[in-house]
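Here is the structure we will look at, set down as C-alpha cells.
Note that the coordinates shown come from a computational prediction; the quantities given were computed from them, not determined experimentally. Chain A is the first sequence line, chain B the second, and so forth, proteins listed ahead of strands; every chain is numbered from 1.
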Amino acid sequence: MKIGELSRATGVSIRLLRYYEEQGLLVSERSAGGHRQYAADAPATVARIRGLLAAGLSTRVIRDLMPCFAGDGIALQACVLDHLTTQLADLEARIADLSDARTALLGILDASTRSPAQLSA
DNA sequence: GTTCTTACA
DNA sequence: TGTAAGTA
C-alpha cells in the first residue's frame, strides 16, 4: 500500500511515517518514481512502534528491538528481554544520577535556610 | 491529486 | 512535526 493509505489506516501522519523510516523503525519498498510501497502487515508494525513509544522507549531502543520481531515465540521473547533489561539498567543509572542531584540540591537549599549568603557561594 | 526531498519554524 | 517549494 502507498504511504497515504497507511497513514489513513493507522491514523499516523505521512510526515511521521517518513520519520519512522528515517529512524530505522519502519521499512518500505520503492516503486515507480521512488514512491514508498508498504507490505500488507505495515499497519501492525506501526501499531507496535506506537505501543513501544507509548511505553517510553526511545526510537533508538525501538530500532534495536525491531529485528527481534522477525522471529517468534521464545526467540522473540529472549531478544526483546535482552534489550529491555539493558534499557532498565540505563534507566536505573539515570535515576541514580538524578537522585544524587536531588541530594545535592537539598543540601544547598538547607544550607541557604540557615545562611542565605550560601546561595551565592 | 499523491508522493518525494530538503529545509525552515 | 507542520508546511512550503518544485517535481515526477
Check: On a plain distance test, is the side chain of A:R15 in donor-acceptor contact with the base of C:dT3 below 3.5 Å?
Finding: yes
Checklist line | Atom-pair distance (CD on A:E22; P on C:dT1), nearest Å | finding: 12 Å
Notebook entry, point to check: Can you name the closest pair of heavy atoms from A:L53 and A:L57 and give their distance?
Noted result: CD1-O, 3.5 Å
Margin query: With a cut-off of less than 4.0 Å, is there a side-chain N or O of A:R8 near OP1 or OP2 of B:dT2?
Written below: no
Item checked: Nearest-nucleotide pick for A:K2, side chain only, options being C:dT1, B:dT2, B:dC4 -> B:dT2
Note to self: I'd like to check A:E21 versus A:L17 (side-chain heavy atoms, cut-off strictly below 4.5 Å). Are they in contact?
What the structure shows: no
Notebook entry, point to check: Where is the tightest heavy-atom contact between A:Y38 and A:K2, given as atom of each residue plus distance?
Noted result: CD1-C, 4.2 Å
Notebook entry, point to check: How long is the line joining CD1 of A:I14 and C1' of B:dC4, in whole Å?
Noted result: 11 Å
Next item on the list: Examine B:dC4: is either OP1 or OP2 under 4.0 Å from a nitrogen or oxygen in the side chain of A:R18? Give yes or no.
Entry: yes
Check: Is there side-chain contact between A:S58 and A:R63, with at least one heavy-atom pair below 4.5 Å?
Finding: no
Notebook entry, point to check: Where each pair must be Watson-Crick or G-U wobble with both distances under 3.5 Å, what dot-bracket representation of DNA chain C is obtained, with crossing pairs in [ ] and other-strand partners as |?
Noted result: ||||||.|
Next item on the list: Take the protein atom CD1 of A:I3 and the nucleotide atom C1' of B:dG1, then report the distance between them rounded to whole Å.
Entry: 15 Å
Check: For the pair made of CG in A:L25 and P in C:dT1, what is the distance, rounded to whole Å?
Finding: 12 Å
Checklist line | Integer-rounded Å distance: C:dA8 C1' and A:H35 NE2 | finding: 6 Å
Next item on the list: Can you tell me the distance, in whole Å, between the CG atom of A:L6 and the P atom of B:dT3?
Entry: 10 Å
Next item on the list: Work out which heavy atom in A:S28 is nearest to a heavy atom in A:R36; give both atom names and the distance.
Entry: OG-CG, 3.1 Å
Item checked: Flag side-chain contact, heavy atom, 4.5 Å: A:T45 against A:M66 -> yes
Check: Between B:dC4 atom C1' and A:R36 atom CZ, what is the distance in whole Å?
Finding: 7 Å
Item checked: Shortest non-hydrogen separation from A:Q37 to A:S31 and the atoms involved -> NE2-OG, 3.8 Å
Item checked: Protein-nucleotide distance (A:L17, atom CG; C:dT1, atom P), rounded to Å -> 9 Å
